[in-house]
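Reviewing the structure listed below.
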2 protein chains.
Amino acid sequence: MKEHILIVDDDSDILELLEYNLSSAGYDVLGFLNTKYVRQVLSEESVDLIIMDRNLPEIDGGLYVEMLRNKNINIPVIFLSAKGSAEDIKDGFLKGADDYVTKPFNMDELLLRIKAVLKRYHSELSKNGSVMEYKDIKIDNNMRTVTIDGKNIEITKLEIAILKVMISNQGRVLDREFLLKHIWKDSENIRQKTVNVAMKRLKEKIDPLRQKEYIKTIRGVGYLMS
Amino acid sequence: MKEHILIVDDDSDILELLEYNLSSAGYDVLGFLNTKYVRQVLSEESVDLIIMDRNLPEIDGGLYVEMLRNKNINIPVIFLSAKGSAEDIKDGFLKGADDYVTKPFNMDELLLRIKAVLKRYHSELSKNGSVMEYKDIKIDNNMRTVTIDGKNIEITKLEIAILKVMISNQGRVLDREFLLKHIWKDSENIRQKTVNVAMKRLKEKIDPLRQKEYIKTIRGVGYLMS
DNA sequence: AATTCTAGGTTACATTATGATTACATAAAA
DNA sequence: TTTTATGTAATCATAATGTAACCTAGAATT
């Protein structure tokens, strides 16, 4: 799974350069020219690393990160700054940086530092990151939560597994044999009827009022998320 | 408590410079011109950080560190090198470096990087001076005390460790494998059931009346502090 | 349209898996 | 040593899941 890097830099040239290079290096990049939507994005996406310019017009990048740390957001941060004085670097580390790179920087070195920071901090958490969505259903694999229209719902392991398979095969009708094979691994010892019951239970949870019809039954074949 | 830094550099001028500056900065410095006695010192002294020149006459510093890592010596290492090519830096990180500084270096910056690496290394133990909070739970990392709603509670080392990990990962379900890896370091030799018992004991302490539900059990997955 | 047939829904119950609890053993600290 | 903390195993409690019996709706046949 791709790791997500959020970048904030008010210089659009540098931002583009970073976006291009980090994307090429296989990261999922979210670039911003200011901090306006950062909090929101952090709460919605599972971000693995933040690269932040320290000299932003509205707010000092260092202060912003300090604020994030106070809110118990401990995603690793690499500061990017034209200022290279010892005092600045020191301040950066104190504010919670994990590394500090001065402009102009060498892209290869930055990539290596990114790799090192990610390895150090995030190897376990980010292995299955990402958010899956279908209409107003959202599955956060990192937090292992499912929300529908923003509201959190209680859901079991099996139900999440079904939901994931349905979403990642949306548009295809999945027959019971397929579902047993992919969700219940030991399809041998389990009756096909079991799928019906499991589906009913899942439908009940994600759409108790029977209004959305997320999952449609295709008589004689199987189930479809269109 | 002074932290111990071991330095290996065959250039005696640089070695002296480092010894002088790091000592002034309050570290206990052990300088060597070659790797001859390093193994022995490591086994006798509690070294917190190694600063190693990559271009040593007898052996490549990178290879030496690789060897240490293979022997399960995981003391953080900062490489010092005249070589600054991307390829070299990459190789350094691959061999197990925690940071990489190219010569000629700025002493102030080096000091900051040392501080950062040490802080990372000791991060779990002492989040210097900081106070962690979650709802009405407050952990004072200096005093090693926990108060709930202002009232001091008796709590053990392990329980604090769990609480810290739960708080710094709030909003995310932590499975037993993760908890074992991060709290009990030698996850190999410990049963997953142990986590259940530890959690029960922690819950008992922080919420004896079962009213707050600070920590929620996610059946089939792990534990969540939301 | 009425009848039959069948797939799937629904419900109730059985089984299984997982976590909580307890008691005790062992390790660490005082 | 004594005391305290922590790990482990046995047992208990319950939520999650599987199964079977029955019900219903829609397609096929008449």
Side-chain angles (χ1 to χ4, degrees), chain A residues 144 146 153-166 173-225, chain B residues 125 144-146 153-166 173-225:
Chain A
R144 215 222 70 123
V146 174
I153 63 164
E154 298 257 323
I155 195 162
T156 72
K157 223 169 45 171
L158 176 69
E159 287 156 356
I160 280 197
I162 297 172
L163 207 46
K164 280 192 195 173
V165 170
M166 294 306 293
V173 180
L174 305 180
D175 61 31
R176 292 174 180 72
E177 194 189 346
F178 179 94
L179 292 167
L180 281 176
K181 192 167 173 183
H182 286 80
I183 298 166
W184 294 257
K185 310 295 180 183
D186 63 336
S187 43
E188 313 283 321
N189 316 318
I190 291 192
R191 336 234 146 258
Q192 299 217 335
K193 286 265 186 184
T194 299
V195 178
N196 300 16
V197 180
M199 279 294 173
K200 178 212 178 316
R201 285 169 178 160
L202 174 59
K203 285 177 176 177
E204 180 73 28
K205 285 226 177 133
I206 61 179
D207 182 23
L209 304 175
R210 319 284 178 92
Q211 290 174 334
K212 312 288 193 76
E213 265 225 331
Y214 298 111
I215 297 171
K216 224 196 280 181
T217 305
I218 307 301
R219 205 185 161 84
V221 194
Y223 296 88
L224 165 73
M225 203 164 218
Chain B
L125 306 175
R144 224 214 65 154
T145 58
V146 174
I153 62 164
E154 294 260 321
I155 196 164
T156 72
K157 217 169 47 179
L158 177 69
E159 286 157 355
I160 283 194
I162 297 172
L163 207 46
K164 281 191 193 174
V165 170
M166 294 306 293
V173 180
L174 305 180
D175 62 29
R176 292 174 180 73
E177 192 190 349
F178 178 93
L179 292 166
L180 282 176
K181 191 163 174 184
H182 286 256
I183 298 167
W184 294 257
K185 309 296 180 183
D186 63 336
S187 42
E188 312 282 320
N189 314 318
I190 290 191
R191 338 237 136 252
Q192 300 217 334
K193 287 265 183 188
T194 300
V195 178
N196 300 16
V197 180
M199 280 292 173
K200 180 212 178 312
R201 285 169 179 160
L202 175 58
K203 283 178 177 176
E204 181 72 29
K205 285 224 178 136
I206 61 179
D207 182 24
L209 304 175
R210 319 284 178 93
Q211 290 175 333
K212 314 287 194 76
E213 264 225 332
Y214 297 110
I215 297 171
K216 211 163 133 193
T217 306
I218 307 299
R219 196 168 246 265
V221 193
Y223 295 87
L224 165 73
M225 200 164 223

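Convention: sequence-line order gives letters A, B, ...; per-chain numbering from 1.
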In short, the helix from C:dA1-D:dT30 to C:dA30-D:dT1 is bent end to end, axes from five pairs each side, to 10°, by 30°
Just how far, in rounded Å, is [atom2] of [N] from [atom1] of [X]?
X	N	atom1	atom2	result
B:Gln192	D:dT6	CD	P	19 Å
A:Ile218	C:dT6	CD1	C1'	17 Å
A:Leu224	C:dG8	CG	P	14 Å
A:Arg176	C:dT6	CZ	C1'	12 Å
A:Arg210	C:dT10	CZ	C1'	9 Å
A:Asn196	D:dA21	CG	C1'	14 Å
B:Leu179	D:dT6	CG	C1'	16 Å
B:Lys200	D:dA5	NZ	C1'	15 Å

Under 4.0 angstrom, heavy atoms only, what part of the nucleic acid is A:Val221 near: base, sugar-phosphate, or nothing?
-> sugar-phosphate
Once you round to the nearest 0.5 Å, how far does [atom1] of [X] lie from [atom2] of [Y]?
X	Y	atom1	atom2	answer
A:Ile155	B:Ile218	CD1	CD1	12.0 Å
A:Arg144	A:Ile160	CZ	CD1	4.0 Å
A:Ile206	A:Glu204	CD1	CD	10.5 Å

Is any side-chain heavy atom of A:Ile162 closer than 4.5 Å to a side-chain heavy atom of A:Leu179?
-> no
Donor-acceptor side-chain pairing of B:Lys200 and B:Thr217 below 3.5 angstrom | no
Readout for nucleotides 10-17 of chain D: B = base within 4.0 Å of protein heavy atom, S = sugar-phosphate only, - = neither; 5' to 3' it is ----BBSB
Is it true that a side-chain atom of A:Lys216 and a backbone atom of A:Glu213 form a donor plus acceptor pair closer than 3.5 Å?
-> no
For the side chain of A:Asp175 and the backbone of A:Gly222, is there at least one donor-acceptor N/O pair under 3.5 Å apart?
-> no
Phosphate oxygens OP1/OP2 of C:dA20: is one of them under 4.0 Å from a side-chain N or O of B:Tyr223?
-> yes
Using only side-chain N and O atoms of A:Arg191, determine if any of them is under 4.0 Å from OP1 or OP2 of D:dA20.
-> yes
Step-by-step side chain to side chain contact (heavy atoms under 4.5 Å, CB included) determination, B:Arg176 to B:Lys181 = CA-CA 8 Å; B:Arg176 292 174 180 73; B:Lys181 191 163 174 184; over 6 Å; no
Could you walk me through whether A:Lys164 and A:Glu159 pass the salt bridge (charged side-chain N to carboxylate O under 4.0 Å, His left out) check?
-> CA-CA 9 Å; A:Lys164 280 192 195 173; A:Glu159 287 156 356; over 6 Å; no
